[in-house]
Q: 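Next up is a structure, given as structure tokens.
Naming convention: chains lettered A, B, ... in sequence-line order (proteins, then strands); numbering from 1 in each chain. Note that the coordinates shown come from a computational prediction; the quantities given were computed from them, not determined experimentally.
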There are 2 protein chains.
Amino acid sequence: MAAEDRADPLFVRSVEKAMGILSAFHHAGGPLTLSDLATGAGIDRSAAQRMVHTLRALGYICRDADGHGYLPGLRVLDHTLDYLRLDPLVRQATPVLQELRTAVRERVDLSLFDGPRVVYAVRLQTTRQTLNASLVGHSVPSFCSSGGWAMLSRLPPEQARDIVERSDRRPFTSDTITSVDDVMENIAKTRSDGYALTTNQILSGEIAAAFPIMNAKGEPLAAIHIAGSLADWTPEDYARRVVPPGQAAARTISQY
Amino acid sequence: MAAEDRADPLFVRSVEKAMGILSAFHHAGGPLTLSDLATGAGIDRSAAQRMVHTLRALGYICRDADGHGYLPGLRVLDHTLDYLRLDPLVRQATPVLQELRTAVRERVDLSLFDGPRVVYAVRLQTTRQTLNASLVGHSVPSFCSSGGWAMLSRLPPEQARDIVERSDRRPFTSDTITSVDDVMENIAKTRSDGYALTTNQILSGEIAAAFPIMNAKGEPLAAIHIAGSLADWTPEDYARRVVPPGQAAARTISQY
DNA sequence: GGGCGTGTATTGCATAGCAATATTCTAAAC
DNA sequence: GTTTAGAATATTGCTATGCAATACACGCCC
């Protein structure tokens, strides 16, 4: 055994390989071949064969309809359900967000903080939104999203800056703010306002407000988002409309 | 190596153990201890220690807030996103279901066929529903759900009966039909009508219509559900209202 | 203070998983 | 129709990984 392998004798490399195979789909646009999966997971083709064979038997991977590649299997959704059912924040947030959506009549979401990204766990829908806007598990970078600014504003500024600096700051629209200094300026404004307001950062024409939710130690855990259209609102009117109920909802959820 | 172990040399037992640990949460009501996870996965406590250690390192399991147990970790949702993004049926169904929801103004879902159960993959929301009604990954038994009757009706009757017979036919409400013969009678009616209509089977007061979606070989893949309240509708009025648009939507999705 | 159940740590050993390699199959190109 | 390339599948000897038995530390409860 190599010295570095003995460093963590409890770590099970086969499990890492299997999860690496499943993670190869993160960057996929469609079904993947065995070789694609091996390459994506950074492992040997033989190891990939064993992992795929095992994951298929367990229901986590399946053949696609014409037998030309592999896709994630239905068993994945069982674990999604466990996550959503068991996460205390998701459980207590959901009814509060439903009331908030009724009050403001715009799209309401809850995202969870994961350093350089925020991950959507609760997506409340309106009558029309993009497919991405309805998908649990969808994530966006913290540096250019309203939720990201909200949660980063609740970290010490050096820690927030570190996260922003090591983000992949590629723009989503022609208006996406990518300069570290400009992002930090907006985070500072969010800190003083108590909420974030973004325009055109992830989608052109979108305005989004976000309200941070902290744990008992004051660390950011999550954020409520309320997204609307710049076709319907000016930023000032939007803030006036959604900030009071958004802040109330965030306080209600943070109280638990 | 035992003879039965040699039967499938490609199968990786450590991966099965790790997924077994994650699956222990399927029956959990809250955080689980290491011993709970070992018992739930049917493995030795030492093996459970290694699997939990590895899954924590990879983000699939985390400690709960007060450090007294373990919960599913956020990485689970990344794979959810992959499933939903990459499943061709989910992709093509989603815009069709959104139009259907606008047309009928009731709760619309897509569930996928998985033998004795149906798994919800697309949940379109109205202004009010239970938490279970919004969760991706939630499943219900085929024998007593509208989607189950819809999909079972598209199998040969012996195959459908086999699935019903080996289901755990416990009632959800005092009106849940659990007799195999009665279930098969309803499946026969669904076969002749072309759609399923259930009342009070999963939730008291709920009426649900379902429309099967088949693959190119005519095998059931999925079903569209439209759920409403018996407080608002008689079964006859409900069928009149939702069957034409529901069947049209199912035809549109099956055409691909 | 003792017992119990929890999480964590250690270690020698056996076999599970490895990777190199071979084979088969299928689709596409010529 | 044949050939080629890339796919999936199968085989096998070897060794390092994962195992399980065991010990230890900690916290809670009686």
Q: Could you state the atom-to-atom distance from CG of A/Leu37 to C1' of D/dG6 in whole Å?
A: 15 Å

Q: A/Lys17 NZ to D/dA16 C1': how many Å, rounded?
A: 11 Å

Q: With hydrogens left out and only the distance checked, is there a donor-acceptor pair under 3.5 Å joining A/Ser46's side chain and the base of C/dA20?
A: yes

Q: Would you mind reading off the distance between A/Asp64 atom CG and D/dA7 atom C1', rounded to a whole angstrom?
A: 13 Å

Q: So, the side chain of A/Asp36 versus the backbone of A/Thr33: is there a donor-acceptor pair under 3.5 Å, distance only?
A: yes

Q: Would you kindly give the CZ-to-P distance between A/Arg45 and D/dA5, to the nearest whole Å?
A: 16 Å

Q: What nucleotide, of C/dA19, C/dA16, C/dT6, holds the atom closest to the side chain of B/Arg13?
A: C/dA16

Q: Considering only side-chain heavy atoms of B/Gln49, which listed nucleotide, C/dG7, C/dA9, D/dT9, is closest?
A: C/dA9

Q: For D/dG18, does OP1 or OP2 lie under 4.0 Å from any side-chain N or O of B/Ser14?
A: no

Q: Side chain of B/Arg50 only, heavy atoms from C-beta on: which candidate in D/dA20, C/dC18, C/dT8 is closest?
A: D/dA20

Q: For A/Ser35 and A/Val15, take the nucleotide of DNA chain D holding the closest heavy atom to each; which residue's nucleotide lies nearer the 5' end?
A: A/Ser35

Q: Do B/Arg56's NZ or CZ and the ring of B/Tyr60 fall within the cation-pi criteria of under 6.0 Å and 45°?
A: no

Q: Could you please name the option among C/dG7, C/dT10, D/dA7 that lies closest to any side-chain atom of A/Leu10?
A: C/dT10

Q: Using heavy-atom distances to pick each residue's nearest nucleotide on DNA chain C, tell me which of B/Leu32 and A/Met51 is more 5'.
A: B/Leu32

Q: Could you give the CG-to-P distance, from A/Leu55 to C/dG17, as a whole number of Å?
A: 13 Å

Q: Can you identify which nucleotide, out of C/dT6, D/dA8, C/dT8, has its nearest atom closest to the A/Arg63 side chain?
A: D/dA8

Q: Between A/Asp87 and A/Arg91, is there a salt bridge with N-O shorter than 4.0 Å?
A: no

Q: When the distance from CG of B/Asp66 to P of D/dC28 is rounded to whole Å, what number comes out?
A: 11 Å

Q: Calculate the interatomic distance between A/Asp44 atom CG and D/dC14 atom P; express it in whole Å.
A: 19 Å

Q: Roughly how many Å is it from NE2 in B/His68 to P in C/dT8, rounded to a whole number?
A: 13 Å

Q: Taking the cut-offs as 6.0 angstrom to the six-membered ring centre and 45 degrees off its axis, would you call A/Arg170 and A/Phe172 a cation-pi pair?
A: yes

Q: Kindly say whether A/Arg117 contributes a backbone atom to a donor-acceptor pair with the side chain of A/Ser142 at under 3.5 angstrom?
A: yes

